[in-house]
Enquirer: 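Take a look at this one; I'll ask things after.
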Amino acid sequence: MEVTLALLAGFLVAAGAYLMMSGKLLPYLFGLTMISNAANLIIFASGRLSYADPPLVAPGETAVAAGAANALPQALILTAIVIGFGLLVFALTLTYRSYYVLGTIEMDHMRAAEPPEGQG
Amino acid sequence: MGKPEAGDGQAGLWRLVPAVLAAAAFLWFAGFVGPVSRGATPEAVLPWAPSLGVEFSLRLDGLSLAFALLIAGIGAICLLYAAAYFRSDPRLTKLLVTLSLFAVSMLGLVLADDVVTLFLFWEGTTITSWILVGFDHERASARAAALQALLVTGLGGLALLAGLLLVGGEVGSLRLSGMNAAGDLLRAAPIYPWVLALVAVAAFTKSAQFPFQFWLPNAMAAPTPVSAYLHSATMVKAGVYLLARLSPAMGGTEAWFWTLAPVGGLTMALSAVWALRQPDLKMMLAFTTVTALGMMTMLIGVGTPEAVLAAMCFLIVHALYKAGLFLGVGMIEKGAGTRDYMALGGLRGALPLSFAAIALAALAMAGAPPFLGFVAKEAGYAAAGDLAVAVAALVLANALMVACGGLVAIRPFFGPVRSPKARPADPDWALWLGPCALAMLGLAFGLAPGATERALVGPMAAAVTGGPIHAHLALWHGFGAPLVLTLVTYALGVGLYLAADRLRGGLAAAEPRLPRTEGWYDAGLAGLTAFARAVTRRVQDGAMTSYLRRTFTAFALLVWGALLLGQAFRWPSLAAPPDLIDWTIVILIVLSAGLVLRTTSRLTAIAALGGIGAGIAIVFVLYGAIDVAMTQLFVEILVVIFIAIAMVRLPATGPMPFRPRDAAVAAALGIGIAAGTLAMLGTDLDRFMTTFFETASYPQAKGRNVVNVILVDFRGLDTMGEIAVIVIAGVAAVAALRAGRGALR
């Protein structure tokens, strides 16, 4: 399954990058979400996969039984998901805000910071 | 003290402190004259970067000592002069501090024995010179001159570092003394021409040799004490110093001669002619400074013991008389209100001290006996010997210096009284003391050429040639070719003086039609700016999609670069091939992503996006990551809700035509990421951390859910930081939504 996930992550990155380069606000956000998801998949795959039990310490034991899923990537992904969510929400408000201030959803028409030459 | 001026009260005795310190340094160095003239070379070494062979090392030999004495002695005079010249100027502190920094840098430059130490101080002089040339920073011309001096000499600094590091690699020592000891090795090395070229660029830029000569006259934008100190007596001699210092390592070859002598001779002759063009006395002196530097360069290029002795003697002479003349012209300007000799005349009664100082210095410049200038000139003629071109150039340059000496010493002081100031008068003691002392010193050295040679010039020349000198300085060489040439020089000089006004007019008329090497600088600078602008316009076109495209392209290149240049690719094991459930999920995700790509309906897109998230959550569930799956689901739901809310308020995206270029970039990136992930999976898994958490989770943190324990205990601070990030993002989002809301509606 790791190999499949690697290919899937590549596909999601490609789709996400393509959407982000579209220059429109909503597809840009979709692309960002996809790349965020792809990153989580890659981290997950890096811990190697099997149809395993969650990494829990059984009552009466002091360590996780052999064959449980790798706990480390899971902890990293949890952090990544939440941070990715924060990023997305912030990007979303910026999108919304820039549309209302600049009156366009075309990113290439947003030239307030770098006005075209001759209009500086 | 003289008459009080406005603001005199706020300037106390402290302003004399730099001058006193410099005088103390002068006396300290003077104590070394005896030992060094007997062959001692005191050293001081501090380890700096031992692993690189870099030391902070200083070494005092005849050449360094003479320079140190000039720097400290003339420094004391110029610092005193500056304190008086700018006594009522609020910028006095800045001037004195920068001048003192320069003095320290210059001392370090001539004392350094280590290449990196030398470079450090070399750049120190460049930077302080930049600040001082641009001292009147409100004037655009001063800023431009400062930038020009910085760029030209900065270029030389880089050449110096490159050249000397190459030498260091060749001879295996970063010590200048080590390089000088390994001269034969270096001269035979294949890199010798490159090293010579680099060192020559460094010396020619610093010492204003053709074709870099233009920056020095422009640097006259600096105040008078600065020009006297940096741009005549000391800093501009750093290039000459470098050539002299490296003579034992690099000199004595055909290439050395043909690089230095023609450039020096050409610079000397051209700038001497151009000096006559200047009605401004300070500018005239600036051009004769270039002349003098050219003369020294040429003589070092000739490289015989006689030539080196003449060059070193002339170096001392020039430092003394030229600093005196610059300061004297500053006195005229203070006392009479202008530096333009066309507007001056008959001032010898009103400015007797200025007249005395300038007259003595001008006699030294003209090479009149019994001044040391005469000794140096005779030595130069003797050294040039049968090099007819060199002799002719020397005669021309010396004759023009006679004429310039006449212009500066006669025109302002004789004839009918003319002065912009109503009542011209000598300025106070702090201004006249230095120039008069310098003038007297020039005379004293000339009267005792033997002692001068034993104490100063001989040890200098010995350091340059690398052995004892058998030639000698003398006031009277007997009847011979040098004496004839001297007489020719005087006659020609007097003739040029008498024709000065006509010549100046002719040169001024010819000036616009002549080629200017400064034009190369201007064109180079303009080209650089145009290049930068073109690159910026191309790279920074203001369109966000091009920035994204470039970012993704660079990312793809990085990934592919790592893949192709990194370790050999190892295919991961396919021991557990995906089964039906896996395929189902993957197909769900791929189809959802494809739908997001293809659809024009926003609602469909959002639903498909949710499909991707849900599919990934199922992957997490299947492979033992329950907590992650729950978080993923919650977050996915929130994402869909938020985007849906935003979507309602944003207009429809409209049709999205296929973009082949973006698709190519995206595909390259995606394939690279997939390949990179496969390569990562092909490596062996290190379970060290996982095992630690699995076994330590319960005993140490009393938690049975290992993932939770990692997050809230082992990596608790990380999690707190993460929460802070979320809070900040939330606050920022609220702020972005609320800010100026009234104005928007």
Side-chain angles (χ1 to χ4, degrees), chain A residues 1-4 6-15 17-18 20-24 26-27 29-30 33 37 42 46 48-49 52-57 62-64 69-72 74-75 77-79 81-83 85-86 88-90 92-94 96-97 99-100 105 107-108 111 114 116, chain B residues 542-545 548-549 552 572 578 582 586 593 596-597 605 609 612 616 623-626 628 631-632 635 639 642 646 650-651 653 656 662-663 666-667 669-671 673-674 677-678 680-681 685 689-690 693-695 697-699 704-707 710-711 722 725-726 729 732-733 736-737 744:
Chain A
M1 183 62 178
E2 290 101 329
V3 174
T4 329
L7 301 177
L8 182 63
F11 177 73
L12 284 179
V13 167
Y18 182 77
M20 286 177 82
M21 286 184 277
S22 72
K24 317 230 184 215
L26 267 184
L29 289 175
F30 298 159
T33 315
N37 277 328
I42 292 172
S46 75
R48 307 304 192 274
L49 306 179
D53 296 327
L56 300 172
V57 181
T62 57
V64 175
N70 195 337
L72 186 59
Q74 295 191 21
I77 297 170
L78 272 176
T79 307
I81 290 177
V82 176
I83 293 283
F85 176 64
L88 186 78
V89 168
F90 188 60
L92 193 64
T93 51
L94 283 185
Y96 176 70
R97 177 93 186 141
Y99 168 68
Y100 268 94
I105 56 161
M107 287 156 64
D108 285 350
R111 298 294 295 265
E114 291 174 82
Chain B
M544 276 188 259
T545 50
L548 278 170
R549 202 172 293 124
F552 285 129
D582 292 338
V586 168
V596 178
L597 282 175
L609 203 61
I612 298 174
I616 290 172
Y623 291 93
I626 304 295
V628 182
T631 314
Q632 169 81 18
V635 163
V639 166
F642 280 137
L650 292 174
T653 303
M656 297 219 295
D662 292 350
L669 179 62
I671 296 169
I673 294 281
T677 311
L678 290 174
M680 180 262 290
L681 292 171
L685 178 64
M689 288 303 292
T690 305
F693 288 126
E694 284 178 347
T695 51
S697 177
Y698 186 71
R704 296 192 180 278
N705 183 332
V706 180
V707 176
I710 294 175
L711 285 174
E722 176 201 341
V725 168
I726 296 297
L737 288 176
L744 292 176

Enquirer: Between B/Val628, B/Ile673, B/Leu669, which residue shows the highest count of heavy-atom pairs closer than 4.5 Å to chain A?
Expert: B/Val628
Enquirer: Identify the two heavy atoms, one from B/Met544 and one from A/Asp108, that lie closest to each other, and give their separation to 0.1 Å.
Expert: N-OD1, 3.1 Å
Enquirer: Identify the two heavy atoms, one from A/Leu78 and one from B/Glu722, that lie closest to each other, and give their separation to 0.1 Å.
Expert: O-OE2, 4.2 Å
Enquirer: Using 0.5 Å steps for rounding, measure from the OG1 atom of A/Thr33 to the CG atom of B/Leu609.
Expert: 5.0 Å
Enquirer: Any chance you could measure B/Ile626, atom CD1, to A/Leu56, atom CG, to the nearest 0.5 Å?
Expert: 8.5 Å
Enquirer: So which atom in A/Val89 and which in B/Ala733 form the shortest heavy-atom distance, rounded to 0.1 Å?
Expert: CG1-CB, 4.4 Å
Enquirer: Tell me, do B/Thr677 and A/Glu2 make a side-chain contact under 4.5 Å, heavy atoms counted?
Expert: no
Enquirer: Calculate, to the nearest 0.5 Å, the distance between atoms CG and CG belonging to A/Leu49 and B/Asp582 respectively.
Expert: 9.0 Å
Enquirer: Provide the closest heavy-atom pair for A/Thr62 versus B/Tyr698 in the form atom of the first, atom of the second, distance.
Expert: O-CB, 3.6 Å
Enquirer: Is there a side-chain contact between B/Leu681 and A/Arg48 in this structure, where contact means two heavy atoms from C-beta onward sitting under 4.5 Å apart?
Expert: yes
Enquirer: Can you tell me which of B/Leu548, B/Thr695, B/Val725, B/Ile671 forms the most heavy-atom pairs within a distance under 4.5 Å of chain A?
Expert: B/Leu548
Enquirer: Can you name the nearest heavy-atom pair linking A/Pro55 to B/Val707, along with the distance?
Expert: CG-CG2, 3.7 Å
Enquirer: Based on non-hydrogen pairs under 4.5 Å, which of B/Ala667, B/Ala732, B/Pro651, B/Ala646 is most in contact with chain A?
Expert: B/Pro651
